[in-house]
Amino acid sequence: MCGRYNVTDDPALRALLDYLNVKAAVTEQYNITPTENVPVVRQIGSERELRYMHWWLIPHWLEEPQTTYAMFNARAEGLAESRAFRAPFKRQRCIFPVSSFIEWRAEDGKQPYLIQPVEGALAVAGIWERWGEEGKPEAQIHSCAMITTDAVPGIHKIHARMPVMLPADALSQWLDPAIDGRDLLPLLLPQLPVDVTVQAVERRINNGRVKERPELIGEPELIGRCG
DNA sequence: CCAGACGTTGTT
DNA sequence: GTCTGG
DNA sequence: CCAGACGTTGTT
DNA sequence: GTCTGG
(Lines give C-alpha, C1' and ligand atoms only; values in the text may rest on other atoms or scores of the structure.)
Protein backbone atom coordinates (compact mmCIF):
# COMPACT_ATOMS: atom_id res chain seq x y z
CA MET A 1 0.00 0.00 0.00
CA CYS A 2 -0.10 1.48 1.89
CA GLY A 3 -1.80 4.67 1.04
CA ARG A 4 -5.05 3.65 -0.62
CA TYR A 5 -7.71 1.10 0.29
CA ASN A 6 -11.39 0.19 0.29
CA VAL A 7 -13.94 -0.59 2.97
CA THR A 8 -17.04 -2.43 1.82
CA ASP A 9 -20.07 -3.09 3.99
CA ASP A 10 -20.39 -6.74 3.04
CA PRO A 11 -20.63 -10.14 4.82
CA ALA A 12 -16.84 -10.53 4.82
CA LEU A 13 -16.24 -7.29 6.71
CA ARG A 14 -19.16 -7.91 9.06
CA ALA A 15 -17.73 -11.33 9.84
CA LEU A 16 -14.45 -9.70 10.88
CA LEU A 17 -16.26 -7.21 13.12
CA ASP A 18 -18.34 -10.05 14.58
CA TYR A 19 -15.18 -12.02 15.23
CA LEU A 20 -13.80 -9.01 17.08
CA ASN A 21 -17.07 -8.78 19.00
CA VAL A 22 -17.71 -5.26 17.74
CA LYS A 23 -21.32 -4.32 17.12
CA ALA A 24 -21.12 -1.14 15.07
CA ALA A 25 -21.30 -1.10 11.29
CA VAL A 26 -19.08 0.63 8.75
CA THR A 27 -19.96 2.96 5.90
CA GLU A 28 -18.83 1.94 2.44
CA GLN A 29 -15.70 3.88 1.39
CA TYR A 30 -13.83 3.47 -1.87
CA ASN A 31 -10.39 4.73 -2.76
CA ILE A 32 -9.66 5.95 0.75
CA THR A 33 -6.72 8.36 0.91
CA PRO A 34 -4.53 9.46 3.82
CA THR A 35 -6.16 12.17 6.00
CA GLU A 36 -9.65 10.72 5.51
CA ASN A 37 -11.64 9.47 8.47
CA VAL A 38 -11.54 5.70 8.58
CA PRO A 39 -13.03 3.03 10.83
CA VAL A 40 -10.67 1.25 13.19
CA VAL A 41 -11.22 -1.15 16.07
CA ARG A 42 -9.52 -0.37 19.35
CA GLN A 43 -9.74 -1.65 22.91
CA ILE A 44 -9.85 0.44 26.09
CA GLY A 45 -9.46 -1.81 29.12
CA SER A 46 -11.55 -4.77 28.05
CA GLU A 47 -13.97 -2.74 25.93
CA ARG A 48 -13.66 -2.89 22.17
CA GLU A 49 -15.15 -0.32 19.89
CA LEU A 50 -15.27 0.71 16.27
CA ARG A 51 -14.28 4.32 15.94
CA TYR A 52 -13.66 6.62 13.00
CA MET A 53 -10.23 8.24 13.14
CA HIS A 54 -8.14 10.62 11.05
CA TRP A 55 -5.82 8.47 8.93
CA TRP A 56 -2.61 10.40 9.63
CA LEU A 57 -1.15 9.99 13.07
CA ILE A 58 -1.02 13.17 15.15
CA PRO A 59 1.32 12.66 18.14
CA HIS A 60 -0.21 14.04 21.33
CA TRP A 61 2.78 16.33 21.93
CA LEU A 62 2.37 18.36 18.74
CA GLU A 63 1.37 21.98 19.30
CA GLU A 64 -0.83 21.85 16.23
CA PRO A 65 -1.79 19.05 13.85
CA GLN A 66 0.52 19.04 10.86
CA THR A 67 1.22 17.05 7.72
CA THR A 68 4.91 17.87 7.51
CA TYR A 69 5.85 14.24 7.94
CA ALA A 70 4.30 11.18 6.33
CA MET A 71 2.50 9.68 9.32
CA PHE A 72 -0.16 7.49 7.72
CA ASN A 73 2.20 4.50 7.59
CA ALA A 74 4.58 3.29 10.28
CA ARG A 75 7.35 0.88 9.40
CA ALA A 76 7.30 -2.28 11.49
CA GLU A 77 11.08 -2.15 11.42
CA GLY A 78 12.02 0.34 14.13
CA LEU A 79 8.48 0.82 15.40
CA ALA A 80 9.51 0.12 19.00
CA GLU A 81 12.31 2.72 18.82
CA SER A 82 10.69 5.49 16.77
CA ARG A 83 10.15 8.65 18.80
CA ALA A 84 6.86 9.33 17.07
CA PHE A 85 5.47 5.79 17.09
CA ARG A 86 6.75 3.88 20.09
CA ALA A 87 4.34 5.37 22.65
CA PRO A 88 1.18 4.44 20.75
CA PHE A 89 2.76 1.13 19.76
CA LYS A 90 3.19 0.30 23.42
CA ARG A 91 -0.47 0.51 24.45
CA GLN A 92 -2.54 2.11 21.68
CA ARG A 93 -2.81 -0.42 18.94
CA CYS A 94 -5.77 -0.83 16.63
CA ILE A 95 -7.02 -2.84 13.70
CA PHE A 96 -8.01 -1.42 10.34
CA PRO A 97 -10.80 -3.51 8.77
CA VAL A 98 -9.82 -3.59 5.09
CA SER A 99 -11.82 -5.09 2.22
CA SER A 100 -9.06 -4.57 -0.36
CA PHE A 101 -6.08 -2.33 -0.92
CA ILE A 102 -4.14 -0.87 -3.83
CA GLU A 103 -0.51 -0.98 -4.89
CA TRP A 104 1.07 0.65 -7.91
CA ARG A 105 3.62 -0.59 -10.39
CA ALA A 106 5.46 1.51 -12.95
CA GLU A 107 4.10 0.48 -16.36
CA ASP A 108 4.19 3.38 -18.78
CA GLY A 109 3.05 5.49 -15.88
CA LYS A 110 1.46 4.18 -12.70
CA GLN A 111 -0.70 1.10 -13.00
CA PRO A 112 -2.85 0.40 -9.93
CA TYR A 113 -3.52 -3.15 -8.75
CA LEU A 114 -6.21 -4.26 -6.35
CA ILE A 115 -5.21 -6.79 -3.70
CA GLN A 116 -8.21 -8.54 -2.28
CA PRO A 117 -8.69 -11.56 -0.01
CA VAL A 118 -10.34 -14.52 -1.69
CA GLU A 119 -12.47 -14.94 1.39
CA GLY A 120 -13.11 -12.64 4.35
CA ALA A 121 -11.71 -9.20 5.12
CA LEU A 122 -8.20 -8.17 6.15
CA ALA A 123 -7.21 -7.10 9.65
CA VAL A 124 -4.39 -4.60 9.20
CA ALA A 125 -2.25 -3.70 12.20
CA GLY A 126 -2.31 -0.07 13.28
CA ILE A 127 -1.64 2.38 16.08
CA TRP A 128 -3.72 5.31 17.27
CA GLU A 129 -3.28 8.61 19.10
CA ARG A 130 -5.42 11.19 20.85
CA TRP A 131 -4.58 14.85 20.33
CA GLY A 132 -5.97 17.86 22.19
CA GLU A 133 -6.83 19.05 25.66
CA GLU A 134 -7.63 16.32 28.15
CA GLY A 135 -10.71 18.06 29.50
CA LYS A 136 -12.31 18.62 26.10
CA PRO A 137 -13.12 15.26 24.56
CA GLU A 138 -15.31 16.80 21.86
CA ALA A 139 -12.37 18.93 20.68
CA GLN A 140 -9.94 16.03 20.63
CA ILE A 141 -8.76 14.38 17.44
CA HIS A 142 -8.27 10.66 17.23
CA SER A 143 -5.83 9.61 14.56
CA CYS A 144 -4.24 6.42 13.32
CA ALA A 145 -1.51 4.91 11.15
CA MET A 146 -1.12 1.59 9.36
CA ILE A 147 1.92 -0.56 10.00
CA THR A 148 3.91 -1.66 6.96
CA THR A 149 6.49 -4.32 6.23
CA ASP A 150 8.28 -5.95 3.32
CA ALA A 151 6.01 -7.42 0.70
CA VAL A 152 5.77 -11.21 0.41
CA PRO A 153 7.15 -12.55 -2.91
CA GLY A 154 3.74 -12.74 -4.60
CA ILE A 155 3.08 -9.07 -3.93
CA HIS A 156 6.66 -7.93 -4.31
CA LYS A 157 6.23 -8.21 -8.08
CA ILE A 158 3.92 -5.22 -7.81
CA HIS A 159 5.37 -3.30 -4.90
CA ALA A 160 8.12 -3.70 -2.31
CA ARG A 161 6.03 -2.85 0.75
CA MET A 162 2.66 -3.96 2.09
CA PRO A 163 0.52 -3.50 5.19
CA VAL A 164 0.94 -5.89 8.10
CA MET A 165 -2.01 -8.28 7.88
CA LEU A 166 -2.70 -10.05 11.15
CA PRO A 167 -3.95 -13.63 11.34
CA ALA A 168 -7.22 -14.17 13.21
CA ASP A 169 -5.56 -15.79 16.20
CA ALA A 170 -3.37 -12.71 16.78
CA LEU A 171 -6.12 -10.10 16.95
CA SER A 172 -6.95 -10.36 20.66
CA GLN A 173 -3.35 -9.95 21.65
CA TRP A 174 -2.85 -7.09 19.26
CA LEU A 175 -5.77 -5.14 20.69
CA ASP A 176 -5.02 -5.85 24.35
CA PRO A 177 -3.67 -2.64 25.92
CA ALA A 178 -2.38 -4.63 28.89
CA ILE A 179 0.27 -6.15 26.61
CA ASP A 180 3.36 -4.11 25.79
CA GLY A 181 3.77 -3.72 22.06
CA ARG A 182 7.38 -4.80 22.24
CA ASP A 183 6.16 -8.26 23.22
CA LEU A 184 4.10 -8.38 20.02
CA LEU A 185 6.89 -7.61 17.57
CA PRO A 186 6.91 -11.28 16.46
CA LEU A 187 3.43 -10.70 15.01
CA LEU A 188 4.72 -8.03 12.65
CA LEU A 189 6.12 -10.28 9.97
CA PRO A 190 5.65 -10.22 6.22
CA GLN A 191 2.88 -12.76 5.86
CA LEU A 192 -0.39 -13.33 4.09
CA PRO A 193 -2.86 -14.76 6.59
CA VAL A 194 -5.25 -15.58 3.71
CA ASP A 195 -5.14 -16.22 -0.02
CA VAL A 196 -5.46 -13.03 -2.03
CA THR A 197 -5.92 -12.05 -5.66
CA VAL A 198 -4.00 -9.33 -7.44
CA GLN A 199 -5.75 -7.68 -10.36
CA ALA A 200 -5.19 -4.53 -12.38
CA VAL A 201 -7.82 -1.80 -12.04
CA GLU A 202 -8.64 1.29 -14.07
CA ARG A 203 -6.14 4.12 -13.78
CA ARG A 204 -8.70 6.77 -13.10
CA ILE A 205 -8.69 5.73 -9.46
CA ASN A 206 -5.13 7.08 -9.27
CA ASN A 207 -6.89 10.34 -8.57
CA GLY A 208 -7.88 10.18 -4.91
CA ARG A 209 -10.96 12.28 -5.58
CA VAL A 210 -12.53 9.44 -7.54
CA LYS A 211 -14.63 7.62 -4.96
CA GLU A 212 -16.29 4.92 -7.02
CA ARG A 213 -15.77 1.18 -7.01
CA PRO A 214 -12.80 0.56 -9.32
CA GLU A 215 -13.41 -1.36 -12.54
CA LEU A 216 -11.29 -4.49 -12.75
CA ILE A 217 -9.02 -5.09 -15.75
CA GLY A 218 -7.72 -8.40 -17.06
CA GLU A 219 -7.43 -11.60 -15.09
CA PRO A 220 -6.84 -11.86 -11.35
CA GLU A 221 -3.71 -13.63 -10.17
CA LEU A 222 -4.09 -15.86 -7.14
CA ILE A 223 -1.44 -15.45 -4.44
CA GLY A 224 -1.56 -18.28 -1.93
CA ARG A 225 -1.07 -17.41 1.70
CA CYS A 226 2.07 -19.49 1.80
CA GLY A 227 3.67 -18.00 -1.26
C1' DC B 1 -0.84 6.75 -2.01
C1' DC B 2 -1.26 10.04 -6.46
C1' DA B 3 -2.63 14.48 -8.65
C1' DG B 4 -2.15 19.02 -8.97
C1' DA B 5 -0.43 23.23 -7.63
C1' DC B 6 3.36 26.13 -7.49
C1' DG B 7 1.23 33.51 -8.17
C1' DT B 8 0.12 38.47 -8.66
C1' DT B 9 -2.42 42.53 -9.81
C1' DG B 10 -6.55 44.42 -10.48
C1' DT B 11 -11.45 44.03 -11.64
C1' DT B 12 -16.24 42.35 -10.77
C1' DG C 1 11.61 19.76 -7.94
C1' DT C 2 8.68 19.81 -3.96
C1' DC C 3 4.67 20.63 -1.18
C1' DT C 4 -0.37 20.35 -0.35
C1' DG C 5 -4.86 18.34 -0.62
C1' DG C 6 -7.87 14.57 -1.06
C1' DC D 1 23.20 23.51 27.31
C1' DC D 2 19.19 24.66 23.70
C1' DA D 3 17.01 23.91 19.13
C1' DG D 4 14.93 21.08 16.26
C1' DA D 5 13.29 16.76 14.84
C1' DC D 6 9.96 13.36 15.41
C1' DG D 7 8.19 10.03 8.62
C1' DT D 8 7.24 7.09 4.32
C1' DT D 9 7.73 5.66 -0.40
C1' DG D 10 10.35 5.33 -4.28
C1' DT D 11 14.14 6.73 -7.20
C1' DT D 12 18.97 7.62 -8.28
C1' DG E 1 7.21 14.02 25.44
C1' DT E 2 11.88 12.60 24.32
C1' DC E 3 16.00 12.07 21.58
C1' DT E 4 19.67 13.93 18.50
C1' DG E 5 22.83 17.26 16.78
C1' DG E 6 25.51 21.22 17.29
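All values below come from the heavy atoms of this structure, side chains included, with hydrogens, waters and symmetry mates left out. Computed from a predicted model, the values in this text were never measured in an experiment. Below, read A as the first sequence line, B as the second, and so on, with proteins coming before strands; counting in each chain starts at 1.
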**Report entry** Closest to side chain of A:H60, choosing from E:dG1, B:dC1, B:dC2
**Finding:** E:dG1
Requested in this report: For A:A87, answer base if it contacts any base atom (sugar-phosphate contacts may also be present), sugar-phosphate if it contacts only those atoms, and nothing otherwise; contact means non-hydrogen atoms under 4.0 Å.
Outcome: nothing
Query - Residue A:R75, side-chain atoms from C-beta onward, closest of B:dC1, D:dT9, E:dG1 - result: D:dT9
**Report entry** Partner nucleotide of C:dT2 by Watson-Crick or wobble geometry (both distances under 3.5 Å)
**Finding:** B:dA5
Requested in this report: Pick base, sugar-phosphate or nothing for A:T67, based on heavy-atom distances below 4.0 Å to the nucleic acid.
Outcome: nothing
Report task. Between D:dA3 and B:dC6, how far apart are the C1' atoms? Round to whole Å, please. Result -> 30 Å
Requested in this report: Side chain of A:R209 only, please: which of D:dT9, B:dG4, B:dC1 is the nearest?
Outcome: B:dG4
**Report entry** Sugar-phosphate, base or nothing in reach of A:A84, heavy atoms under 4.0 Å
**Finding:** sugar-phosphate
Query raised in the report: What's the closest nucleotide to the A:R86 side chain, out of E:dT2, B:dA3, D:dG7?
Result: E:dT2
Report summary line: Picking from D:dT8, B:dC2, D:dA5, the nucleotide nearest the side-chain atoms of A:A74 would be D:dT8
Report task. With rounding to the nearest 0.5 Å, note down the distance linking CZ in A:R42 to CD1 in A:I127. Result -> 14.0 Å
Requested in this report: Compare the minimum distances between each of B:dG4, E:dT4, B:dC2 and the side chain of A:N207, then state the nucleotide with the smallest one.
Outcome: B:dG4
**Report entry** Minimum-distance nucleotide to A:A70 side chain [options: D:dC6, D:dT8, B:dC1]
**Finding:** D:dT8
**Report entry** Candidate nucleotides B:dA3, B:dC1, D:dG7, ranked by approach to the side chain of A:W104 - the nearest
**Finding:** B:dC1
Query raised in the report: Looking across every strand, which nucleic acid part, if any, lies under 4.0 Å from A:R204 by heavy atom: base, sugar-phosphate, or nothing?
Result: nothing
Query raised in the report: Base, sugar-phosphate, or nothing: which does A:F72 touch, judged by heavy atoms less than 4.0 Å apart?
Result: base
Query - Among A:E129, A:Q140, A:E134, side-chain contact (heavy atoms from CB on, under 4.5 Å) partner for A:H60 - result: A:E129
